[in-house]
Amino acid sequence: MLLVLVGLGLTCLPLMAQPGGDVRIIPRPQQAALTSTSSHALTEGHAIHAPAALAAEADYLAEELAARGLNLKVRHRGRAAIGVVLKLCDTLASPEAYRLDIGSHRVTIAGSTPAGVFYGIQSLLQLLDNAPQAGATLPVGTLTDAPRYAWRGFMLDEARHFFGREKVLQLLDLMARYKLNRLHWHLTDEQGWRIEIRRYPRLAAEGGRGDWSHMGQGPARYYTQDDIRDIVAYAARRHIEIIPEIDMPGHATAANRAYPEYSGGGTKAHPEFTFNVGKDSTYTYLTDILREVGGLFPSRYLHLGGDEVAYGIDAWRTDPHVQALIEREGLADVKQAEAYFMHRMTDSVRTLDKTMAGWDELLDHRPDTASTLIFWWRHDRTAQLRKSLAGGYRTVLCPRRPLYFDFIQHASHKWGRVWSGFCPVEDVYAFPDPLLDKCGFSDAERSHIVGLQANLWTERVQNAERLDFMTWPRLCALAEAAWTQPGRKDFADFSRRLDDAYRLFDRLGVYYFDTRDPQRHPEPRGAEQAGKDTPMDFRD
Ligand code: ACM
């Protein structure tokens, strides 16, 4: 009987958050002291009081509460003894810190910035949703919280397969719930160009045709500039910054399908893989593209990829334009032509008032330390990470293992990558301390790590069901790894709190991997074209 009642959320047990005083919030807060007394702050007729500077956060909270059947009006004047109070406070530890005080009739959320207040709201909503008693019950008590890392990111590849606006909005909602704050959007690659560029309309109209499963075939699928503006605004309301990636000079096949005059060729395995770094017109073309992209995304970063150029660079050895460039500039070889290209594009990024971001190959070209953000992805090359940190580069950690979510997550899974192992949720959760300790990085080196990011490449992710399955619950683990201080992490406790995430996913129809029962949601098949894709292959 008790089990039935627990299942319905109707127990009369005292309102402790969980055994051991834990709070049912992901990521786990730094400090929590909740009691078994119930608060009555969220009562119909009470209001949300907030200064004008927090109007967006107050409206967001009012909408979220209304969706839970609680109608609280927003007020920007007067003092409040009851209801919800949002306020800015300059005594908190860091820019995204917050303090959530739940009294018997008043909830106060103080943040050092609007983002901090927003994270306090997320904790409040999780306490409400995850309370053992149904309805507007909250435990009285206090949370004091702040993130470990400033960059808590997820990368979505929509070039290989396209998922569209509704899926991205759902992803942003869930990212916000788990206090993730960066969406790195991989919008261009061999298989597709997914962003409208008005000056070069064929990029989307031609380059957007097909996907990894249907190379160059089928209707064009891409985001119009209006779509992008809407999605960026939706993300900003949730304190998520979107960083666009326009990959160059490799991974350019879809663009070259649309405008072959800028192609630098490729190899048999990767035809038309590169932009032509020898032509001046290529720099004008790419700078024009970046100007439009930069205007759509308020992020200070433009991510220019720069990875895996080696897949296509052989073509440059015989390309007359690249050879003329090498001759004219006194470069030693095609590798130096690549460096020349990256430096010139970095100058373009700077003239657009943006900062260059790119994959860890960029380090080979000795970019400017102060104005480059490095994404370390090659887990088998820790020397490259050392170079980044010792060189003082701001660095995002997103190594294939354990943070590439196109890798399988369970030994029984077949449709995903492996590389002497895979990426189970435990490894995501434990990251990055085992790596940092193994490498023996100094405090000074560690201080250049801006945060963590999981990357979902989508060659093997051809529909929303597979996207969900590969993402959840690993992204919850990444959120806690990036937010919670190592001394507060506890995998067993996290696994218990995942029950709350699973209930939410069930309600939303998100097809997650159920770590409690691996058979419950069978692994969806990867891209159908067996023979083209080996389930257990290597990409690099
Ligand atoms: C990458 O996986 N090529 C960054």
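Every number for a ligand or one of its atoms is a count from 1 in the order of the listing. In this chain, residues are counted from 1 in sequence order.
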Considering only heavy atoms from C-beta outward, does the side chain of K279 approach that of T282 to under 4.5 Å? yes

Any heavy atom of Y404 closer to ligand 1 than 4.0 angstrom? yes

Do E158 and W185 have side-chain atoms, one donor and one acceptor, less than 3.5 Å apart? yes

When you check the side-chain N and O atoms of Q225 and D227, is any donor under 3.5 Å from an acceptor? no

Is the closest N or O pair between D307 and ligand 1 shorter than 3.5 Å? yes

Ligand 1 versus W457, non-hydrogen atoms closer than 4.0 Å: side chain, backbone, both, neither? side chain

May I ask you to identify, for E308, whether its side chain, its backbone, both or neither come under 4.0 Å of ligand 1 on a heavy-atom basis? side chain

Which of Y511, Y512, F505 passes ring pair (Phe, Tyr, Trp, His ring centres under 6.0 Å) with W472? It is F505

